[in-house]
Amino acid sequence: MTKEENEKRLNYLKGIVSRLPDKPGSYQFYDANHTIIYVGKAKNLKNRVSSYFHTEVDRFKTKVLVSKIEDISYTVVNTEEDALLLENSLIKKYNPRYNVLLKDGKTYPSICVTNEFLPRIFKTRTINKKWGTYYGPYSHIGSMYAVLDLIKELYHPRTCHTPMTREGVEEGKYKVCLDYHIKRCAGPCMKKQSWEDYQKNIMQAREILKGNTRQILRELKAEMLQLAEELRFEEAEEVKRKYLALEGFVTRSEVVSHTIDNVDVFSITSDEKMAYINFIHVSNGSINQSFTIEYKKKLNETDEELLQLGIVELRERFKSQSKEIIVPEMVDVELEGVTFTVPQRGDKKTLLDLSVMNGKQYKFDRLKQAEKLNPEQKQTRLMKELQEKLHLPKMPYQIECFDNSNISGSDAVAACVVFKAMKPSKKDYKRYNIKTVVGPDDYASMKEVVHRRYTRLLEEEQPLPDLIVADGGKGQMEVIREVIQDELNLDIPIAGLAKDDRHRTNELLYGFPPMSIQLKTDSELFYVLTRLQDEVHRFAITFHREKRSKHALHSELEEIKGIGPKTRDELLNKLKSVKKISQASEEELTAIVGQAKAKIIYTHFYGE
């Protein structure tokens, strides 16, 4: 590979990395043959994958791996634990060349509930569905033991390995063990606990392992209240302890479940032009395939029509023979021997939600990629979004915002900043000295500046803004409206950015009377509007400080008798500050203002 080819390869990979989400998930590296050579997990996909391409990476094996990477794919999940489980599943399926530390064949343990007459519940790494039902696997061993301990505490399942039959129990072939005597087993082997009661406990234990705890909690609460009514307070307290223990229980991971086998999951995310269809395949309880395709709409096809196309395309591409397909809405398509499921809750609903999340993330990544290649696309999207939010007659290409700055009315100034295509246009910024207002009156100052601004634009036949944003609430908006509509008879939309009690911008106002416009505070549009507000604050305060500083400088020099305004201006133009003037030598001052004045200034600061 030539140097140019390698740089092209790295630029392509870094482009993918720059679009990765800040979410947990699994990532896969491919070689030139599009074979997976490495599978990894990450709490933050973007941070983790970008670390491979830092220049300071000095591990030889990592450099070798990076030199082989030709492409990158990834799957987002909900938690870091889910990312770990998914990584384990993919490594087993693809056996990547560079996953040397995970090629030992180990797997995460699961919990088994046996099919015996008196079922047992225990951990295992061996999955054989003939023996019983399996729940898990558990990537965090501590969590698995916590579940087992909870079940043992609540239901006391037997722990002995003796094969037990109904006939053997009826004939009294078995004897109780130590667990019975220390109250860890109720003795079903000798009918000290009925078979029906034991089975009820096992059934409830299964529900806990599935994560379906609500019914059990209701039953425990009813039992607790019943015991309290019967004044059996010690027993009620014991049930309450179990209730609280179960209530605090956190269910197992949602990515992998041995209760789901050989299932396809499809979801669709679409907009006006494009549709993104995500496919997830679950086999032997594990996700081992995740892929998203996109369709460009041409004839306003419905989501159902596109989902049908996607299902056929992806099942053929990945040779899927699954007999069950999970979808968000029922589709009008028949596949031989295949059942379509629209889940409302449980593990299957969780898988569907995961598919939807991956489809949305893929769409977001594609949008970021397009906007990176064409920044104007993002600006147009934001302008269109603001237009739709405010129901403006046209996209707000030019937005102007005003702010006042003064201290108790002294050195009062105002500023106007201009954004074009959602970006600052600094050459169009304007600064204003307040001329007609005496004292601290923000409304009167705003009225003066807005009138001066748009009167001049009209006189000079300059383009008017598409939107004016008031840095404040309803009061500032009304002042601007009086000038724009009542005095100048102009039709320019006016919005306002209001702050909360902590002086944080929290809502966008529009209309008369002003109404709050729903806008997420973590959205890109909200960020642009607050940036506009911050920019006008910065510009106004900077101008105010300059004016106040210049005023202070003149005051200091005005104390020197024999030095007039012209001499002060010459000194400030040359030396810039009073501090530098006071530190200048008599020779330096002489070169600027002559010997006589230089001696007066030097004497003022240093004495005779």
Side-chain angles (χ1 to χ4, degrees), residues 109-136 138 141 143-249 252 258-259:
S110 297
I111 294 176
C112 176
V113 180
T114 65
N115 294 331
E116 297 171 282
F117 172 67
L118 295 175
R120 293 175 295 131
I121 302 177
F122 56 88
K123 72 155 187 156
T124 181
R125 294 181 185 271
T126 304
I127 306 299
N128 187 337
K129 294 185 179 180
K130 293 181 180 179
W131 298 351
T133 306
Y134 295 84
Y135 303 89
Y138 292 85
I141 306 301
S143 299
M144 181 196 67
Y145 280 119
V147 176
L148 283 173
D149 290 343
L150 177 67
I151 291 173
K152 289 177 182 178
E153 178 184 0
L154 294 176
Y155 304 115
H156 304 302
R158 72 183 183 97
T159 58
C160 59
H161 296 275
T162 305
M164 293 185 180
T165 63
R166 182 184 296 274
E167 294 77 13
V169 172
E170 293 292 337
E171 295 172 4
K173 288 185 176 181
Y174 314 112
K175 294 182 180 181
V176 295
C177 60
L178 178 63
D179 279 355
Y180 172 77
H181 296 292
I182 61 176
K183 301 188 182 300
R184 290 184 179 175
C185 179
C189 57
M190 291 188 68
K191 294 187 177 180
K192 295 183 181 295
Q193 178 185 22
S194 69
W195 182 82
E196 291 76 14
D197 186 53
Y198 188 85
Q199 290 297 330
K200 177 184 175 182
N201 287 350
I202 294 298
M203 182 271 293
Q204 292 187 350
R206 290 178 186 272
E207 293 303 309
I208 290 176
L209 291 169
K210 292 177 183 177
N212 301 328
T213 58
R214 292 185 180 180
Q215 181 60 34
I216 301 173
L217 285 170
R218 284 194 291 266
E219 293 175 2
L220 288 174
K221 186 174 184 179
E223 183 182 359
M224 178 177 63
L225 295 174
Q226 180 64 34
L227 290 171
E229 287 180 5
E230 297 173 1
L231 305 181
R232 297 157 63 183
F233 297 116
E234 290 186 2
E235 295 175 61
E237 182 64 27
E238 177 63 19
V239 175
K240 179 182 178 181
R241 183 183 62 80
K242 293 180 180 180
Y243 178 87
L244 294 175
L246 182 57
E247 190 178 44
F249 168 68
R252 52 139 176 68
H258 289 301
T259 62

Residue pairs, two or more places apart or on separate chains, that pass side-chain hydrogen bond (donor to acceptor under 3.5 Å, both in side chains) and touch residues 171-182: Thr159-Asp179
I'd like to check [X] versus [Y] (side-chain heavy atoms, cut-off strictly below 4.5 Å). Are they in contact?
X      : Y      : result
Lys221 : Arg218 : no
Thr133 : Thr114 : no
Tyr198 : Pro157 : yes

Quick check: closest heavy atoms across Val239 and Leu220, and the distance to 0.1 Å?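 Answer, listing the atom of Val239 first, then Leu220: CG1-O, 3.4 Å.
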For residues Ala236 and Ala228, report the shortest heavy-atom separation together with the two atoms involved.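 Residues Ala236 and Ala228, closest heavy atoms: CB-N, 4.1 Å.
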Return the set of residues passing salt bridge (charged side-chain N to carboxylate O under 4.0 Å, His left out) with Glu235 (not counting sequence neighbours), or none when no residue passes.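 Scan of Glu235 (salt bridge (charged side-chain N to carboxylate O under 4.0 Å, His left out), adjacent residues dropped) gives Arg232.
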With rounding to the nearest 0.5 Å, note down the distance linking [atom1] in [X] to [atom2] in [Y].
X      : Y      : atom1 : atom2 : value
Ile151 : Ile111 : CD1   : CD1   : 5.5 Å
Arg184 : Leu178 : CZ    : CG    : 8.0 Å
Tyr155 : Met203 : OH    : CE    : 8.5 Å
Asn128 : Cys112 : CG    : SG    : 9.0 Å

For residues 186-197, run the donor-acceptor check on the side chains, cut-off 3.5 Å, and write out each pair with its distance to 0.1 Å, sequence neighbours left out.
residue	atom	partner	partner atom	Å
Lys191	NZ	Glu170	OE1	2.7
Gln193	NE2	Asp197	OD2	3.0
Ser194	OG	Asp197	N	3.1
Trp195	NE1	Phe117	O	3.1

Those residues that, when tested against [X], pass side-chain contact (heavy atoms from CB on, under 4.5 Å) (two or more places apart):
X      : answer
Glu237 : Lys240
Lys200 : Gln204
Phe233 : Leu231

Under 3.5 Å, side chain of Tyr134 to main-chain N/O of Lys129, donor-acceptor pair present?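 No; judged by distance alone, with no hydrogens or angles, the pair does not exist.
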Is there a donor-acceptor contact under 3.5 Å from the side chain of Ser110 to the main chain of Thr124? no
Does Glu116 pair with Arg158 as a salt bridge, N-O distance under 4.0 Å? yes
Enclosure of Glu234 CD (heavy-atom neighbours >12, cutoff 6.0 Å): no
If you count every heavy atom of other residues, nucleotides or ligands that lies below 6.0 Å from Arg120 atom CZ, does the total exceed 12? yes
